[in-house]
There are 2 protein chains.
Amino acid sequence: MVEDQAIEIAEIFHLLGDPTRLRIVTCCLEEPRNVGEIAETVGVSASLVSHHLRLLKATRLVRADRRGKQVFYVAADEHVQKVLKDMMDHVAEQHREAP
Amino acid sequence: MVEDQAIEIAEIFHLLGDPTRLRIVTCCLEEPRNVGEIAETVGVSASLVSHHLRLLKATRLVRADRRGKQVFYVAADEHVQKVLKDMMDHVAEQHREAP
DNA sequence: CAAACGATTGAACATATATTCAATTATTTG
DNA sequence: CAAATAATTGAATATATGTTCAATCGTTTG
């Protein structure tokens with residue numbers, strides 16, 4: 001892997017590498033969720049959610065869609081879902097090896 | 001996703017979220033590589049590689065195997081490979097959408 | 001056993017980053 | 001138009017983190 005690829009891919013991993021941000025992404029993985037919903041589900045302030053969503057949107061991990069006063073966010077594409085699934089498999093495997 | 005899972009999974013993403021560390025992992029993805037090889041391939045000091053490998057080993061993303069004076073490291077299991085592959089697909093897709 | 005080699009460790013430092021709080025911007029509705 | 005609701009923004013801050021450098025540890029070999 002060359003430097004440029006590494007930087008680009010690492011940037012995405014880095015975004016998923018924060019617990020709050022990861023929960024925000026998984027929260028709007030199945031269907032679009034507005035900021036208030038996400039904040040309540042994750043258990044943090046709307047302000048913090050908004051800050052994180054700005055980063056996620058900038059790297060196109062989520063897309064925004066305003067409907068009236070609310071803004072709905074949804075995870076970008078199916079690759080993210082696959083990545084998350086593989087990672088959950090990895091963690092599950094770990095636990096099977098060392099319970 | 002519950003808090004505990006998020007923290008555990010985010011921890012792994014976080015490790016892959018640094019360009020240097022990501023390149024270290026990909027460097028010993030196919031076959032075991034010793035610290036010197038990794039340092040040269042990635043283009044950083046052996047000291048830095050060692051620091052990063054300590055973190056990667058602690059989270060069991062790599063395994064260590066000493067042979068004489070050298071210590072060989074190899075990526076832990078196939079899930080990591082799948083995660084990386086999906087992420088590369090994601091990046092490739094992005095570039096196809098916005099060249 | 002001493003020298004050489006490879007790898008690890010710890011301290012130090014500059015930088016990046018997650019979070020909070022208050023202020024501001026959009027949009028709807030009374 | 002004013003009030004209310006939802007979301008964004010910016011500044012401030014405490015903490016985490018990547019990197020460097022020098023010292024140390026483990027192993028082999030002359």
Side-chain angles (χ1 to χ4, degrees), chain A residues 1 3-4 6-28 31-74, chain B residues 1 3 6-28 31-75:
Chain A
M1 167 149 31
E3 182 81 21
D4 290 347
I7 292 176
E8 187 170 0
I9 295 176
E11 189 179 348
I12 301 174
F13 279 133
H14 177 253
L15 283 174
L16 298 175
D18 175 74
T20 305
R21 216 151 43 211
L22 182 61
R23 296 191 72 202
I24 289 173
V25 172
T26 56
C27 183
C28 56
E31 54 191 351
R33 293 282 178 82
N34 67 54
V35 177
E37 284 174 334
I38 298 172
E40 191 178 8
T41 303
V42 177
V44 298
S45 71
S47 169
L48 181 53
V49 169
S50 193
H51 277 299
H52 283 308
L53 284 171
R54 180 172 52 87
L55 301 176
L56 293 168
K57 194 172 67 174
T59 320
R60 305 216 235 171
L61 271 160
V62 301
R63 276 179 288 111
D65 174 26
R66 179 177 275 275
R67 299 181 205 166
K69 279 186 280 194
Q70 295 162 336
V71 179
F72 286 76
Y73 286 87
V74 65
Chain B
M1 170 150 27
E3 182 80 22
I7 292 176
E8 187 169 0
I9 294 177
E11 190 179 350
I12 300 174
F13 279 131
H14 177 253
L15 283 174
L16 299 174
D18 174 74
T20 305
R21 216 152 42 210
L22 182 60
R23 296 191 72 202
I24 290 173
V25 172
T26 56
C27 182
C28 55
E31 54 191 352
R33 293 281 178 82
N34 67 54
V35 177
E37 285 174 332
I38 298 172
E40 191 178 9
T41 303
V42 176
V44 297
S45 71
S47 169
L48 182 54
V49 169
S50 193
H51 277 299
H52 283 309
L53 283 171
R54 182 171 51 86
L55 301 176
L56 292 168
K57 195 172 67 172
T59 322
R60 305 216 233 173
L61 270 161
V62 301
R63 275 179 288 111
D65 174 26
R66 180 178 274 274
R67 300 181 204 167
K69 280 187 278 195
Q70 295 162 337
V71 179
F72 287 76
Y73 286 85
V74 65

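Taking CG of Leu22(A) as the start and CD1 of Ile12(B) as the end, the distance is 10.5 Å to the nearest 0.5 Å. To the nearest 0.5 Å, atom OG1 of residue Thr20(A) and atom CD1 of residue Ile38(A) are 12.5 Å apart. In this structure, the separation between CZ on Arg21(B) and NE2 on His51(B) is 12.5 Å, given to the nearest 0.5 Å.
Of the side-chain N and O atoms in Asn34(B), one or more sit less than 4.0 angstrom from OP1 or OP2 of dA7(C).
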Base-contact (B) and sugar-phosphate-only (S) positions in nucleotides 16-28 of chain C, heavy-atom cut-off under 4.0 Å, - elsewhere: -SSSBBB----BS
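Atoms CD (Glu40(B)) and P (dA7(C)) sit 12 Å apart, rounded to a whole Å. Distance Gln70(B) CD to dC5(C) P: 13 Å, rounded to the nearest Å.
Among residues two or more places apart in sequence or in another chain, the ring pair (Phe, Tyr, Trp, His ring centres under 6.0 Å) test is passed with Phe13(B) by Phe13(A). With sequence neighbours left out, Glu3(A) forms a side chain to side chain donor-acceptor pair (under 3.5 Å) with Arg23(B). Qualifying side chain to side chain donor-acceptor pair (under 3.5 Å) partners for Glu8(A), counting only residues two or more places apart in sequence or in other chains: His95(B).
Looking at heavy atoms from C-beta onward, Val44(A) lies out of side-chain contact with His52(A) at the 4.5 angstrom threshold.
Sorted by first and then second residue, the side-chain hydrogen bond (donor to acceptor under 3.5 Å, both in side chains) pairs with a member in residues 63-72 of chain B read Asp65(B)-Arg67(B); sequence neighbours excluded.
Along DNA chain D, read 5' to 3', the first and last nucleotides having any atom under 4.0 Å from a heavy atom of chain B are dT17(D) to dT28(D).
Phe72(A) comes within contact range of no nucleotide atom at all, as no heavy-atom separation falls under 4.0 Å.
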